[in-house]
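What follows is a set of notes on a single structure, which appears directly below.
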Amino acid sequence: MSDHGQGVRFAVKALPADDDRSRQLERNMAPHPLIYQELPYEPEYFIYNGRLACGRMNNVTADEAYWMVRRRAVLRHTGERPIEIRGPDAEALLDRVFTRHIGKVRPGRCSYQFACYHDGGLITDGVLVRLAGDRFWYVQADGDLFSWMRAHAHGLDVEVRDPQVWVSQVQGPRSLQVLETAVDGPAPDPFRYFDLGRVRIAGQAIIVTRSGFTNELGWEFYLEPGVDARAVGDRVLEAGKSHGMVPTGAVAFRTRRIEAGLLSAGTDFDATVTPFAAGLGSYVELDKGDFIGKTALEAADRRRRTWGMRVLGGIARLGATLTHHGAAAGLVCSSAWSPFQRCGVAIVRLTAPGMGPGTALAVACTDGVTREAVTCDTPMYDERREIPRGRRVAIPEIPGTVQA
């Protein structure tokens with residue numbers, strides 16, 4: 001998946017619906033139907049999947065947003081763009097495109113999936129939602145998998161379409177309480193990690209899933225055509241008020257997803273990186289039938305090159321800013337300040353595969369100072385990912401001194 005903390009502020013003049021410029025804007029920078037919940041807070045936007053996604057707002061600082069994710073709840077309207085795959089050969093197409101067995105994903109469940117090029121390089125990743133035996137949504141990160149699926153559907157009885165669905169997330173330890181407050185009746189039960197549920201919110205039929213991009217407890221809701229999006233959005237926002245929830249942008253997610261080792265497509269990996277180098281080798285199932293990239297991955301170097309990193313006293317500058325005993329050592333792909341760990345955190349891709357966790361490096365930081373850094377495994381804490389599963393419910397304390 002992907003997050004972007006930097007954005008650009010847009011001021012778009014309203015145009016007639018039949019104006020060619022209006023149609024072009026709709027294709028290339030379509031706004032989320034709940035964007036009005038962000039506009040009071042001077043939002044900064046970036047383009048993601050041809051949609052506007054909010055990077056940051058002025059209602060909370062990055063540190064405040066971090067602690068809300070860890071201690072309360074936040075609401076974020078994403079730029080994720082679901083693709084619908086349906087028909088008798090839907091599973092066959094997905095088995096052709098993805099590296100994991102699709103048959104293991106039962107209706108009513110979700111699965112993390114990514115696609116590779118024929119040479120084994122990663123295209124993008126996302127969450128596969130199995131709505132029925134012959135119907136799926138693939139909620140992809142930034143990238144064009146729609147055309148890739150259409151091209152590889154040749155000869156199969158399957159339809160690949162854009163369902164015009166919009167996605168929002170509620171994340172944080174109080175997120176399920178927000179869900180219970182928002183729904184018209186009872187919340188889904190059971191509602192396990194990566195489950196799908198069907199509920200009614202403000203009288204509207206809504207699909208929800210137990211996933212997210214923070215490694216905290218959380219859920220997502222999907223706005224389909226014909227749904228009264230404003231009624232749903234207003235109900236969710238109102239339901240969150242008693243639980244301390246506020247709307248946020250992508251910056252609220254960055255530190256937490258880095259700490260969790262959740263990779264950002266196009267930032268932490270690209271077409272030159274294999275799943276093995278990205279640390280995603282456990283999601284490559286070479287025992288399944290043929291899939292795109294399988295031959296290349298069977299012959300690929302399976303050593304991991306992507307790790308977490310902690311920087312004492314600063315935030316690593318992005319790019320080729322790492323050295324080891326004076327020699328270039330790799331790339332800083334993502335970085336941020338962790339108010340909880342009280343250090344800089346980063347996702348790095350190292351040149352030498354032998355530089356695993358515990359490797360001491362030097363890194364140039366955003367303030368112009370070069371500092372010592374040490375690589376680490378991810379997640380940086382909650383190693384068994386018990387927080388998003390609801391098995392670890394302790395709320396972290398805010399340290400006495402928090403660095404901005």
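Note that the CD atom of Glu42 and the CG atom of Asn58 stand 4.5 Å from one another [nearest 0.5 Å]. One distance of note links NZ of Lys288 with OG1 of Thr99; it measures 6.5 Å at 0.5 Å rounding. To the nearest 0.5 Å, the span separating CZ on Arg81 from OH on Tyr138 amounts to 15.0 Å. In this structure, Phe221 CZ and Ile201 CD1 are separated by 6.5 Å, a value rounded to the nearest 0.5 Å. Taking CZ of Arg86 as the reference point, atom CG of Leu93 lies at 14.0 Å (rounded to 0.5 Å). Distance check: Ile347 CD1 to Thr267 OG1 gives 11.0 Å after rounding to the nearest 0.5 Å.
Put simply, the side chain of Thr351 does not reach to within 4.5 Å of the side chain of His324, judged on heavy atoms. A heavy-atom distance below 4.5 Å is found between the side chains of Glu84 and Arg135. Between His101 and Asp287 there is a side-chain heavy-atom pair separated by less than 4.5 Å. Contact annotation: the side chain of Ser264 approaches that of Arg257 to within less than 4.5 Å [non-hydrogen atoms, C-beta and beyond].
Residues Arg304 and Asp377 are paired through a salt bridge, judged by an N-O separation under 4.0 Å between the basic side chain and the carboxylate.
Atom CD of Glu372 sits in a sparse spot, with 12 or fewer heavy atoms from other residues, nucleotides or ligands closer than 6.0 Å. The environment of Tyr283 atom OH is sparse: at most 12 non-hydrogen atoms of other residues, nucleotides or ligands sit within 6.0 angstrom. Environment of CZ in Arg150: sparse, with no more than 12 heavy atoms of neighbouring residues, nucleotides or ligands closer than 6.0 Å. Enclosure of atom CG in Leu312 is not indicated, since only 12 or fewer non-hydrogen atoms of other residues, nucleotides or ligands lie within 6.0 angstrom. A 6.0 Å sphere centred on CZ of Arg389 holds more than 12 heavy atoms belonging to other residues, nucleotides or ligands.
Using modelled atom types, one finds no donor on one side chain facing an acceptor on the other under 3.5 Å when comparing Thr61 with Asp63. Neither side chain, Gln341 nor Tyr381, offers a donor N or O lying under 3.5 Å from an acceptor on the other. Gln37 and His77 are linked by a side-chain donor-acceptor pair at a separation below 3.5 angstrom, with hydrogens and angles left out of the test. Side-chain polar atoms of Glu259 and Asn215 form no donor-acceptor pair below 3.5 angstrom. A side-chain donor-acceptor contact under 3.5 Å links Thr181 and His243. For the residue pair Gln171 / Thr214, a side-chain donor-acceptor distance below 3.5 Å is found, with atom types taken as modelled.
Across all their heavy atoms, Leu179 and Pro188 have their closest contact at CD2-CD, 4.2 Å. Contact between Ala65 and Val74 at its shortest, heavy atoms only, is O-CG1, 4.3 Å. Across Gly120 and Pro275, no two heavy atoms sit closer than the pair O-CD, 3.4 Å. Here the shortest heavy-atom pairing between Ile258 and Met380 reads O-CE, 4.2 Å. Shown here for Leu217 and Ser175, the closest heavy-atom pair between the two residues is O-OG, 3.2 Å. Of all heavy-atom pairs between Gly313 and Trp337, the closest is C-CZ3, 4.0 Å.
Both cation-pi conditions hold for Arg76 and Phe253: the charged atom is under 6.0 angstrom from the six-membered ring centre and inside a 45 degree cone around its axis.
Here the side chain of Asn49 pairs no donor or acceptor atom with the backbone of Glu80 at under 3.5 angstrom. Put simply, the side chain of Thr321 never gets that close to the backbone of Val363: no donor and acceptor are under 3.5 Å apart. With hydrogens and angles disregarded, no donor-acceptor distance shorter than 3.5 Å links the side chain of Thr359 to the backbone of Thr375. Here the side chain of Asp228 pairs no donor or acceptor atom with the backbone of Gln204 at under 3.5 angstrom. Side chain of Ser335 to main chain of Arg317: no donor-acceptor pair is present (N/O by atom type, distance under 3.5 Å, no hydrogens or angles). Side-chain atoms of Arg210 come within 3.5 Å of backbone atoms of Pro388 as a donor-acceptor pair (strictly under, hydrogens ignored). Side-chain N or O atoms of Arg230 include none that pairs as donor or acceptor with a backbone N or O of Gly233 at under 3.5 Å.
Aromatic ring pairs are classed by plane angle as parallel below 30°, tilted from 30° to 60° and perpendicular above 60°; the pair His118 and His152 is tilted. Classification of the Tyr112-Phe114 ring pair by plane angle, with boundaries at 30° and 60°, yields perpendicular.
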**Asked** How far apart are the C-alpha atoms of Arg51 and Trp166, what are their side-chain angles, what is the distance that settles it, and do they pass the side chain to side chain contact (heavy atoms under 4.5 Å, CB included) test?
**Response** CA-CA 10 Å; Arg51 294 177 165 184; Trp166 293 85; 3.3 Å; yes

**Message:** Working note: Gln113 + Val97, criterion side chain to side chain contact (heavy atoms under 4.5 Å, CB included); need CA distance, chi angles, decisive distance, verdict.
**Reply:** CA-CA 10 Å; Gln113 300 281 347; Val97 171; over 6 Å; no

**Request:** Test side chain to side chain contact (heavy atoms under 4.5 Å, CB included) on Arg391 and Arg384 and set out the steps.
**Result:** CA-CA 10 Å; Arg391 298 172 185 166; Arg384 297 182 180 180; over 6 Å; no

**Message:** Run Leu350 and Leu361 through side chain to side chain contact (heavy atoms under 4.5 Å, CB included) and show every step you take.
**Reply:** CA-CA 10 Å; Leu350 303 179; Leu361 300 168; 4.0 Å; yes

**Prompt:** Which is it for Arg235 and Glu238 under the salt bridge (charged side-chain N to carboxylate O under 4.0 Å, His left out) test, yes or no, and what are the steps along the way?
**Reply:** CA-CA 5 Å; Arg235 172 70 66 81; Glu238 181 64 29; over 6 Å; no

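For the side-chain contact (heavy atoms from CB on, under 4.5 Å) criterion with Phe276, the lone passing option out of Thr306, Val284, Asp301 is Val284.
Residues Trp137 and Tyr222 bring their aromatic ring centres within 6.0 Å.
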